[in-house]
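One structure is given here, and the rest of the page talks about it.
This structure is a prediction, so every number in the text was calculated from the model and none was measured.
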Amino acid sequence: MIAPFMKRATHNLAALLWISLALLIFAIFLGSGWREPWTLLSSEYRSILALRLWRVLLGAVCGASLATAGVVLQAILRNPLAEPYILGVSAGAGVGAATAIAFGGFALGALLLPLGGFAGGAISLFAVYLLARVDSRTAPHTLILAGVAWGALCSSILMFFVSRSSAEGLHAVSWWFLGDLQVYDPRLVLIVTAINALGIVAVAGQARSLDALTLGDDIASHLGLHAERKKIFLLGLATLLASASVSACGLIAFVGLIVPHVARSLVGPEHRRLIPASLALGAAFLALTDGLGRILFYPVEVPVGIFTALIGTPFFLALLRRKRRAMWSHAP
Amino acid sequence: MNHTPPRPLSALNLVDGYRKVPILHDISLTAMPGEVLGLLGPNGAGKTTLLRLLSGVRAPWSGRILLGEQPLSALSPRERAKHIAFVPQGVNIPVPFTVANVVAMGRLPYTGGWARLTSDDEAAVARSLEHVGLTAKANNSIHDISAGEQQRALLALALAQEPRVLLLDEPTAHLDLHHAWNLMRLVGELAQKQQLVVILSTHDLTLAAATCTRLALLDKGKLAAEGSREDVLRADLLTQVYGHPLSVTVAQGQWWIHPAITAAATRD
């Protein structure tokens, strides 16, 4: 009796995974000046192919991570609008990473960047949560307001960094505003890939706990979870995923919002399906959007963050206005 | 199936409170397998706090809770969740899980974070759905069924834990008369059939009189009375505890508890 639905969701999930993979491969061939795939595979284009591969890898990793972070934040905070960018976590991670550059420079950068980013992201999430907490309750819309305000504060701090920095440092910091998948340092991509792969595996291992936490702390603790500890652990993981992504590709908005919602509508809200679906869809979405940014206004490249914001803002507003059911509207 | 033998749940001298304000004073109670113990008392009497203590998720200031001879505090949370299930009130399910999804969450103590449901797990989910009569709606969204059915889905979630003890916090609070009486009848049958210890709180004294096998009346954190209907449902005692004139009418073996229509009551 459970089987028919489960089967349908499984079909959807399998199809989604294959389509995402195909889109990722397709994204490799998007770039300044279309070249036939076989040309790109020939030896004279090897260096271009390598650059593209790095870039698609970075896009896939960041897209998957931001989407997964969104899934976790939405479940734990029981808020459909929760997302690393909206909650100010991304901007906070940006400030953390910029500080790391200011003190360590790009030389130490590869390792220092994700670390600084995580520190900034974690402080931000904590601050936003405390700011939004009134009488030991966190109203969903207050949380979003606090996040947006905190994000604005962090963005202005980043702006201050830009205005104070030298010409070449300026470039390094200013791309954070736009979100850019240009690979400056392959080591950074590798480190972020390793960190986020571990993070995603750790999140997936908590899929059923995330289901229970979606029903609230009360039910979760009666099902044998240390609800508080589990929530802190998962929020930490979400922050890590978002911050490491920010340190490599800057502030990319709304991926963590759009992707989980689309994935949920395709495979249902159960996290054992939602997590794989979101990370595949997130990877394909970001790599593909970036590819479009490379070709749409050729020879000018449009940073990917601009596209995700263009798509994401209407999506966010639509969700905000949605009145469907108690659907998230009065979650404690 | 839970193969552990049915055991009574006992509370010994429980004292508890929030932020140094005491709420429960020296409560001792025992509930036997197969019986439905109804916790009565006005708002703020400590019913929910007592249920949370009995579930083991909250530790009392002092006192002990025993399942058979075993102190609850000696069990890990996960182990405890295989023996004690709790249906909280006012659960808000924010995303459209299917009924089957929700009931399957009751298997969390057995599956852990990622594992697939085994055939045992699926059988337990199927049985629980069957018990509450939701088998046909297993694949419906939890948002598309009635409030009474949602409450039964949450009951099925608790049953899927295959517990020995079932605690329910005002299970009939948001249900109409028909659904409330059906749910209570169902809970009574389950207690008998599976030899469960059932403890529930309710504000519906007439319903409790008809469906609970034993009653306990809480008054400002103290046990004011405990035992059969005759022991607990006394007009003078209820009037004093609820601070409102109440009458008890017994006819044809049915008990009705209702506000007394007196001058004192109508004046304000």
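- The environment of CH2 in B/Trp61 is crowded: more than 12 heavy-atom neighbours from other residues, nucleotides or ligands sit within 6.0 Å.
- Of the listed residues (B/Ala136, B/Pro109, B/Ala115), the one with the most heavy-atom contacts under 4.5 Å to chain A is B/Ala115.
- With a 4.5 Å cut-off on side-chain heavy atoms, A/Asp218 and B/Arg52 count as touching.
- Put simply, NE2 on A/His222 and CG on B/Leu167 are 8.0 Å apart, with the number rounded to the nearest 0.5 Å.
- Of the atoms belonging to B/Ser76, not a single heavy atom falls under 4.5 Å from chain A.
- Most heavy-atom pairs under 4.5 Å with chain B: of the set A/Gly205, A/Ser209, A/Gly216, this distinction falls to A/Gly205.
- Rounded to the nearest 0.5 Å, atoms CZ (B/Arg80) and CG (A/Leu223) are 10.5 Å apart.
- With rounding to the nearest 0.5 angstrom, the CG atom of B/Leu117 is 7.0 Å from the CZ atom of A/Arg272.
- Heavy atoms only, all atoms of each residue included: B/Ala81 and A/Gly224 are closest at CB-N, 3.6 Å.
- Annotation: B/Glu130, atom CD; neighbour count of heavy atoms from other residues, nucleotides and ligands within 6.0 Å does not exceed 12.
- The two residues B/Trp114 and A/Ala204 come nearest to each other via the heavy atoms CE3-O, 2.9 Å.
- Evaluated for a side-chain contact (heavy atoms from CB on, under 4.5 Å) with B/Met105, the options A/Asp211, A/Ile219, A/Thr214 yield exactly one hit, A/Asp211.
- Once rounded to the nearest 0.5 Å, the distance linking CZ of A/Arg208 with CZ of B/Arg116 reads 9.5 Å.
- To the nearest 0.5 Å, the span separating CG on A/Leu215 from CG on B/Leu154 amounts to 7.0 Å.
- Side-chain atoms of A/Arg264 never come within 3.5 Å of backbone atoms of B/Val95 as a donor-acceptor pair (strictly under, hydrogens ignored).
- Here the straight-line distance linking atom CZ of B/Arg58 with atom OG of A/Ser221 works out to 12.0 Å at 0.5 Å rounding.
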